[in-house]
Amino acid sequence: MNIFDQYLIRIKKILLDLSQKGMIELPNELEGITAEIPPPKFNCDISTNVAMVLSKINKKSPIELAETFVPLLKKDDDLIKQIDVIKPGFINIKFKPIFWTNFIKEIIKNSKTYGINTNEKKNNYLIEFVSANPTGPLHVGHCRGAILGDVIAKLLSFNKHKVTKEYYVNDYGNQIINFTKSVYLRVREIKFNEPFPKDNEDLYPGDYLINFANNIINSNKNMDFENFEKISNELTVLSTEEALKLIKINLNSLGIIHDNFVSEKKLVSNQEVQKVIDYLQKKNFIYKGKIKAPAGEDNDNWVEREQLLFKSTDFGDDKDRALQKSDGAWTYFASDVAYHKNKLDRKFDYLINILGADHAGYIKRISSSVEALSSSKVKLICKVSQLVKLIKDKKPFKMSKRKGDYITVDDLINEVGKDATRFIMLNRSSDAELDFDFDSVIEKSKDNPLYYVQYCYARISSIFRNLNIDFTSNIEIKDYNFEYSNDEINILKKISEWPKCIDTSINKLEPHRIPVYLYELASLFHSYWNLGKDNPEKRFINNEKKIDNQKLIFLKAISNVVKSGMDIVGVSTPEKM
RNA sequence: GCGCUUGUAGCUCAACUGGAUAGAGCGCCUGACUUCGGAUCAGGAGGUUCUGGGUUCGACUCCUAGCAGGCGCACCA
């Protein structure tokens, strides 16, 4: 029920008809022709650029061309009140009120599916996000990408695509060795009273390691904690398990649940890395060579080494990338290539990765590897979530792991709450840096757009409460013999944009459009609500304490869309606030 | 030095895959509560969309050359 698509299809049909009759020239592709939402000032419901797009190829002025389309559009369509041709060549369509009665009838009947693009092919998606190192709790920096990934997944699911949410666990490599050592030293601190070396930069200083150590000691009474060499493998497993447990709790408090956790270590031990290297070697994407130092930096201690390299420059990367360290261990990149081979083997239609801004430089090489592995058949879509700039006391707040003064997901949820965190982190484009003003979010929560949208839903719910009508049940209206006023049609128009909003959000993977849309819808609703102050006719509940059918489903239609939208964002819609 | 990315009202941000006279919130000014919930609403002021060129019927959007901020540029992950 996307009215813009419906009319676009109708327009294209008219064009093909005309072209068959030889009355018009068409380009090979009709892509540029659109049915759009007109700016509010034009007092129309749908506009199309068809005449302007076709003007050149037909050697006619857009206005002239538009005039020939108008009667054809009007023909056999008695829902159209008026069609205007405006300045540059737009064709503006205005519907009769009965159109909107039909419209609301349709979307109430299909309230569960309204907004879903039913014409679109349904695909199988894999989305990898968060994938933070299993060395400690999540902090605010992880939050934005986590929410971005989760909402993209929700969006795709809403549109009936199949989605698998995955977390890649980097439980292999130097970081993990350092992490395990750190846990071990905390164990020694507890058991043998040896102070933890605070000044060693390789170690993880956070106090949470004390908890990890305690948990490990308590549940492994028979372990020989005296001898690190003996227990290091087991301790690594136990330590990363502790960290993952904490990370999962953090994710949960954000409302995020992954379907799979894929272990890097397992990929290595299953020889999957070795296999993928062999595979790429056969395809000539791997050679032994040296990497040059980057220009313009102090490279005094740069050592050129001959090592195994992947030819990512074949795909536009600025240098080839190392796969193996000098001690023979695989680089992070090598096992990630194996991981992506693993993804490809599972036959998804699309692979999506959500990365933090600090890993943006990594995109070229990993997407190169996917191209090489899939013979360019599968494209890896990488979405970067830009940094969150924390503001505290009106000043930027720098997090420092070493000092331990960083804000964790826990802190954030406790102070701001899950819903506000999700809504605010999502309320703007992920391409732009985000100012997250801690104080203003906490203190002046009234200014929070989340509450503005929730309040709209709560107000509608309060009407149902006052009328003793079950808000959550479906409403059946038999008599649709009514027409909506201009104020109401304004809101219905906004509701008609909902499927378009979903479409664009998915096609561009820009979920921030959802909260932005919801805010606009809520704003129209609040305006309408306040009209009732001066004009009792505009109130929902009349003097007899009853409500007209047309107003009842009008409210229902609005609340349905708000609910769908808030579900996608992953925040609650309380009936009372 | 190179790569990626951002630059829109005083501040924080939108702008529907290139559409029309660029929109919101905050802040500032003026107004609306014996109300279906004021966590709301109505109105006002505020713009050379960083700069210069180009493509186009049409550019905040695309190309190009700059400027400014952010991120990255080892065998870290």
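The chains referred to below are lettered A, B, ... by the order of the sequence lines, with proteins before strands, and numbering in each begins at 1.
For Lys87(A), a side-chain nitrogen or oxygen approaches OP1 or OP2 of U21(B) to under 4.0 Å. When the side-chain nitrogen and oxygen atoms of Tyr451(A) are compared with OP1 and OP2 of G25(B), none of them lie within a distance under 4.0 Å. In terms of phosphate contacts, Lys41(A) brings a side-chain nitrogen or oxygen within less than 4.0 Å of OP1 or OP2 of G23(B). Of the side-chain N and O atoms in Lys325(A), one or more sit less than 4.0 angstrom from OP1 or OP2 of A77(B).
Using a 5.5 Å limit on the distance between ring centres and a 30° limit on the angle between planes, the aromatic ring of Trp529(A) counts as stacked on the six-membered base ring of C36(B). By the criterion of a centre-to-centre distance under 5.5 Å and near-parallel planes under 30°, the ring of Phe90(A) forms a stack with the base of A20(B). Both geometric conditions, a ring-centre gap below 5.5 Å and a plane tilt below 30°, are fulfilled for His359(A) over the base of A77(B).
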Contact list (N/O, under 3.5 angstrom) for nucleotides 10-14 of chain B vs protein:
{"from": "U12(B)", "atom 1": "O2'", "to": "Arg428(A)", "atom 2": "NH1", "distance (Å)": "2.9"}
{"from": "C13(B)", "atom 1": "OP1", "to": "Glu433(A)", "atom 2": "O", "distance (Å)": "3.1"}
{"from": "C13(B)", "atom 1": "OP1", "to": "Asp435(A)", "atom 2": "N", "distance (Å)": "3.3"}
{"from": "C13(B)", "atom 1": "O5'", "to": "Arg428(A)", "atom 2": "NH1", "distance (Å)": "3.4"}
{"from": "A14(B)", "atom 1": "OP1", "to": "Ser429(A)", "atom 2": "N", "distance (Å)": "2.5"}

Enumerate all atom pairs, one protein N or O and one N or O from nucleotides 57-65 of chain B, separated by less than 3.5 Å.
{"from": "C57(B)", "atom 1": "OP1", "to": "Lys56(A)", "atom 2": "NZ", "distance (Å)": "3.0"}

Below 3.5 Å is the cut-off: list the nitrogen or oxygen pairs between protein and nucleotides 42-45 of chain B, distance only.
{"from": "A42(B)", "atom 1": "OP1", "to": "Ser527(A)", "atom 2": "OG", "distance (Å)": "2.8"}

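Between Pro62(A) and Pro88(A), the closest heavy-atom pair is CB-O, 3.4 Å. Nearest heavy atom pair, residue Trp330(A) against residue Lys325(A), reads O-CE, 3.4 Å. Across all their heavy atoms, Leu148(A) and Leu426(A) have their closest contact at CA-CD1, 4.4 Å.
Residues Tyr168(A) and Ser335(A) meet the side-chain proximity criterion, which asks for heavy atoms closer than 4.5 Å.
Of the residues in residues 498-511 of chain A, Lys500(A), Thr504(A), Asn507(A), Lys508(A) come within less than 4.0 Å of RNA chain B through at least one heavy atom, sorted by number.
One N or O donor and one acceptor, one from the side chain of Asn92(A) and one from the base of A20(B), sit under 3.5 Å apart. Taking 3.5 Å as the limit, the base of G72(B) and the side chain of Asp358(A) contain no donor-acceptor pair of atoms between them.
In this structure, Tyr362(A) and His359(A) have perpendicular ring planes: the angle between them is above 60°, well past the 30° mark.
In this structure, Asn174(A) has no side-chain hydrogen bond (donor to acceptor under 3.5 Å, both in side chains) partners at least two apart in sequence or on a different chain.
By the 4.0 Å N-to-carboxylate-O rule, Arg428(A) lies too far from Asp431(A) to be salt-bridged with it.
Among residues at least two apart or in separate chains, side-chain hydrogen bond (donor to acceptor under 3.5 Å, both in side chains) pairs with a member in residues 502-513 of chain A are Asn117(A)-Asp503(A), Glu510(A)-Arg513(A).
Across all strands shown, A45(B) forms no Watson-Crick or G-U wobble pair with both key distances under 3.5 Å.
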